[in-house]
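Proteins come first, then strands; the chains are lettered A, B, ... in the order of their sequence lines, and each starts at number 1. Just so we're clear, the structure is a prediction, and the values are computed from it rather than from any experiment.
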Amino acid sequence: MRALVVFALLAAATAVAEAYPQYQLASDITCTGCHRSPAGGGLLTENGLAVAEGSAWQGNDPKFLHGALELPGWLELGGDARLAAGMVDNGKVSGAAYPMQAELHASAGARGFSLTVDGGVRRPNEDTGIASAFWSREHYVMWQQAPGETEGVFVRAGRFAPVYGLRFAEHVAYTQRYGGSPLYAEAYGASVEYVARAFEVHATGFVHDPIATAWEKGDGGALYAEVRLGEHAALAAEGKYASASDQQVAYGGITGKLYLPGPDVLLQGEGELVRRSITGDKATGVIGYLLATRKFSYGVLVDIAVGHYQADTRVAGLYRDAVDVNVHWFETSHLEWLLTTRLELLEHGAGTNGGYALIQVHYRL
Amino acid sequence: MRSRDMNLAAQCGSAIRRRQRRARAAASGVPTIVLAALIAAAGCGSDGDSRPVTFDVIALEVLAPTCGMAQCHSTVTRLEGLAFDTLAASREVLRTEAARVLDVIDDQTMPPDSPMDPHDIALLHAWVDAGKPGL
């Protein structure tokens with residue numbers, strides 16, 4: 001029973017392949033340097049495929065199905081599958097093994113217009129049955145001012161995650177889990193995004209999914225504006241507001257990125273305030289996450305991060321800290337192994353401690 | 001201090017002490033000093049908890065962020081038939097399952113991926129002991 005619940009709870013805890021912002025500034029300066037989407041994640045560009053090949057221990061043909069399928073120029077296909085197994089500690093240690101992601105991505109278009117759709121499976125709703133396991137997390141139409149280029153104006157409409165904050169593949173990062181961009185944070189919306197080497201701005205208006213249940217229950221907007229300070233640093237301001245029938249939540253924060261060429265380390269940090277208004281109460285939370293990343297030889301990438309989350313500033317002691325260590329090994333252009341670990345301390349270790357150590361395998365089609 | 005707050009503070013302190021004893025026993029060998037130095041962030045204070053002991057606070061400030069993530073006990077998945085990500089979903093569960101919810105939290109079966117904060121556990125107990133106001 002417990003194993004089943006662990007399975008279910010963590011089945012998607014890091015389940016959706018998003019961007020690897022660890023590459024930003026260290027190699028490609030914008031998400032669009034490697035991804036079709038102006039917010040990163042999903043299908044890779046030609047350059048992204050080349051980076052996948054060049055970063056791997058044994059780079060092979062990075063194209064869809066290793067290039068076995070010749071696709072017309074107007075069509076792009078991709079996919080991601082992830083599995084994980086390991087140990088989880090919430091005060092008691094237990095084992096866990098589970099599927100995490102199985103998704104196909106497709107994008108078709110020409111002359112700057114495109115339709116992007118992904119489809120896959122997730123854990124079904126236990127009340128509605130197996131049919132709910134099949135879904136499309138993202139589907140949107142996009143117009144790109146400069147087709148094939150990494151810069152310019154992008155306009156999107158459809159179902160996608162409002163662009164906000166650092167967008168790690170690991171959704172368990174405190175700033176994502178508690179900070180307004182957790183797993184399945186997609187909503188229906190429209191965005192206008194401008195991406196350039198000097199700065200980028202993403203403005204999104206959204207409404208919650210009226211058909212399928214989703215994490216986002218509110219309607220609102222999100223804004224992310226990042227300015228590059230030279231070649232190796234960036235500073236961003238971010239905000240998001242969502243109003244649902246039972247609560248209103250406002251998020252605001254600052255993101256910073258700094259690449260240190262000497263030690264070849266990329267630092268990324270995000271600090272957020274969360275203001276939640278419900279009937280009879282208002283609460284303010286504080287979230288911080290700082291991540292240091294270094295690439296090594298043989299396709300190895302190491303992240304070391306610290307996180308802090310104070311759910312309610314009125315309650316002394318209601319906070320937790322985490323130390324995350326992730327070791328990525330890009331064995332081939334398609335195959336990634338990830339050791340992801342967390343040590344979590346409540347009240348600096350005065351409360352219950354927890355954590356996890358999981359081996360994850362990620363195959364990109 | 002009002003009697004409700006005194007009751008909450010007493011329960012909060014008691015629950016925290018119980019959890020801390022268990023945690024210290026379980027965490028022997030963990031290099032907490034090094035980690036604490038690394039992540040020196042917010043400071044500790046008293047165990048006082050000024051949050052209102054109401055259903056809305058329990059549902060949206062305690063259970064939703066802890067148990068009601070999309071992949072967990074949410075209206076997306078309804079694991080074990082339970083959902084905590086909205087007021088309506090939590091109300092449905094807590095009307096009949098509040099004791100079961102407390103049990104699995106107290107024995108640390110839930111949440112399985114991360115420890116629940118003792119302050120939140122104490123607030124849950126206080127709310128149930130107060131007759132589940134607002135439900």
Side-chain angles (χ1 to χ4, degrees), chain A residues 2 5-6 8-13 15 88 90-92 94 122-127 177-178 182-184 212-215 217 244 246-247 276 278-281 283 286 288 306 308 310-312 314-323 343-354 356, chain B residues 16 19-20 22-24 26-27 30 32-33 35-36 38-52 54 56-57 59-62 64-65 69-81 83 85-88 107-120 134:
Chain A
R2 178 179 165 77
V5 174
V6 169
L9 270 172
L10 293 177
V88 179
N90 70 337
K92 293 178 183 175
S94 57
R122 65 176 186 187
R123 185 180 176 85
N125 185 304
E126 293 190 4
D127 282 359
R177 171 167 179 162
Y178 301 113
L183 188 68
Y184 301 156
T213 53
W215 175 83
K217 307 293 190 298
D246 51 10
Q247 63 181 318
R276 187 182 306 277
I278 65 174
T279 302
D281 196 34
V286 179
V306 291
H308 175 76
Q310 186 170 11
D312 191 326
R314 295 170 300 180
V315 186
L318 182 58
Y319 62 89
R320 61 184 61 210
D321 298 284
V323 177
L343 177 61
E344 189 167 48
L345 306 176
L346 273 61
E347 291 191 69
H348 289 171
T352 304
N353 300 323
Y356 54 75
Chain B
I16 288 169
R19 300 276 289 194
Q20 286 176 344
R22 284 203 299 262
R24 288 191 186 108
V30 175
T32 52
I33 295 172
L35 291 168
L38 277 173
I39 55 182
C44 294
S46 72
D47 292 329
D49 188 338
S50 59
R51 290 178 290 181
T54 66
D56 289 53
V57 170
L60 297 174
E61 294 180 14
V62 175
M69 299 302 290
Q71 67 272 28
C72 307
H73 295 292
S74 71
T75 47
V76 177
T77 55
R78 288 199 178 272
L79 279 181
E80 302 284 316
D85 56 335
T86 66
L87 269 184
D107 71 12
Q108 292 185 299
T109 303
M110 289 285 131
D113 61 335
S114 181
M116 191 162 180
D117 196 283
H119 298 81
D120 286 342

Subject >> Proximity breakdown for Arg122(A) and chain B, heavy-atom pairs closer than 4.5 Å >> reply: side chain

Subject >> Contacts of type side chain to side chain contact (heavy atoms under 4.5 Å, CB included), residue Pro124(A), not counting sequence neighbours >> reply: Ile130(A), Ser132(A), Ala133(A)

Original post:
Which region of Asp312(A), side chain (C-beta onward) or backbone (N, CA, C, O), has a non-hydrogen atom less than 4.5 Å from a non-hydrogen atom of chain B, or is it both or neither?
Top reply: side chain

Subject >> Within-4.5 Å side-chain heavy-atom neighbours: Glu61(B) and Asp56(B) >> reply: no

**OP:** Kindly write out the residues that satisfy side chain to side chain donor-acceptor pair (under 3.5 Å) with Ser114(B), not counting sequence neighbours, or none if the list is empty.
**Re:** Arg320(A), Glu344(A)

**OP:** Please flag which part of Ser74(B) lies under 4.5 Å from any non-hydrogen atom of chain A: side chain, backbone, both or neither.
**Re:** neither

Subject >> Asp281(A) bridged to Arg51(B) by N-O distance under 4.0 Å >> reply: no

Original post:
Where on Ile278(A) is there a heavy atom nearer than 4.5 Å to chain B: the side chain, the backbone, both, or neither?
Top reply: side chain

